[in-house]
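In what follows, a single structure is set out as structure tokens and then discussed.
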Amino acid sequence: MSTLVMFKNKNGDSNNLSGGNISRIRKGMKPTLSQRALADKLQLNGIDVDKNAIQRIECGKRFVTDIELVVIARVLGVSVMELLGTNE
């Protein structure tokens, strides 16, 4: 009998599903949006983060709340599903 192993808050070594996609989308913008500029835009939209928080999100060291995810998607001009890596 095999045992299913589930992780409550982890995706492998990452604390979020969206960090890599946030980084890719941010860097793909024309002109490129810096981590500091993204943090500034998020602050203007009511999310209290700084450049270091963006860096930690993108490398998977920081959890992302659902509220943060919605605002990040809005600021980047994409859907939450795109940030999560699913188009379903």
Side-chain angles (χ1 to χ4, degrees):
M1 174 190 249
S2 67
T3 303
L4 178 63
V5 178
M6 295 183 68
F7 298 96
K8 183 176 180 183
N9 293 320
K10 292 266 189 181
N11 176 40
D13 290 332
S14 182
N15 288 318
N16 65 60
L17 295 171
S18 60
N21 293 324
I22 292 168
S23 177
R24 176 184 52 79
I25 292 164
R26 177 183 61 77
K27 291 175 182 175
M29 296 178 79
K30 301 293 180 203
T32 300
L33 189 65
S34 69
Q35 290 176 335
R36 182 172 310 283
L38 176 55
D40 290 346
K41 287 180 179 245
L42 293 174
Q43 288 175 7
L44 291 172
N45 282 273
I47 302 297
D48 186 22
V49 295
D50 61 12
K51 181 239 178 234
N52 292 328
I54 300 300
Q55 191 275 328
R56 290 177 53 76
I57 288 169
E58 289 184 352
C59 73
K61 292 183 180 178
R62 183 183 178 281
F63 290 104
V64 182
T65 68
D66 53 355
I67 295 167
E68 291 171 332
L69 199 61
V70 168
V71 176
I72 291 168
R74 185 181 324 129
V75 166
L76 293 177
V78 298
S79 70
V80 170
M81 299 311 263
E82 187 172 346
L83 292 183
L84 293 173
T86 177
N87 292 320
E88 298 173 13

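Residue E82 comes nearest to N21 through the heavy atom pair O-ND2, 3.7 Å, listed as atom of the first residue, atom of the second, then distance. In terms of heavy-atom proximity, L33 sits nearest to A37 at CD1-CB, 3.5 Å. Nearest heavy atom pair, residue S14 against residue G60, reads OG-CA, 3.4 Å.
Judged purely by atom type and a 3.5 angstrom limit, N15 has no side-chain atom pairing as donor or acceptor with the backbone of F63. Judged by distance alone, with hydrogens and angles left aside, the side-chain atoms of Q35 form no donor-acceptor pair with the main-chain N or O of N52 at under 3.5 Å. Counting only distance, with no hydrogens or angles, the side chain of D50 and the backbone of A39 share no donor-acceptor pair below 3.5 Å.
In this view, R62 and E68 satisfy the side chain to side chain donor-acceptor pair (under 3.5 Å) rule, not counting sequence neighbours. Take K61 and apply the side chain to side chain donor-acceptor pair (under 3.5 Å) test, not counting sequence neighbours, and it matches no residue.
Between L83 and I25 the shortest side-chain heavy-atom distance falls below 4.5 Å. Put simply, the side chain of L38 reaches to within 4.5 Å of the side chain of L76, judged on heavy atoms. Annotation: side chain of L69 is not in contact with side chain of T65 (no heavy-atom distance under 4.5 Å). For the pair L42/I54, a side-chain contact is recorded, criterion being any heavy-atom separation below 4.5 Å from C-beta on.
Under the 4.5 Å side-chain heavy-atom criterion for Ile, Leu, Val, Met, Phe, Trp and Tyr, I67 and I57 are members of the same hydrophobic cluster.
With values rounded to the nearest 0.5 angstrom, L84 atom CG is found 8.0 Å from S79 atom OG. With values rounded to the nearest 0.5 angstrom, I72 atom CD1 is found 11.0 Å from N45 atom CG.
Listed by first and then second residue, the salt bridge (charged side-chain N to carboxylate O under 4.0 Å, His left out) pairs that reach into residues 22-34 are R26-E58, sequence neighbours excluded.
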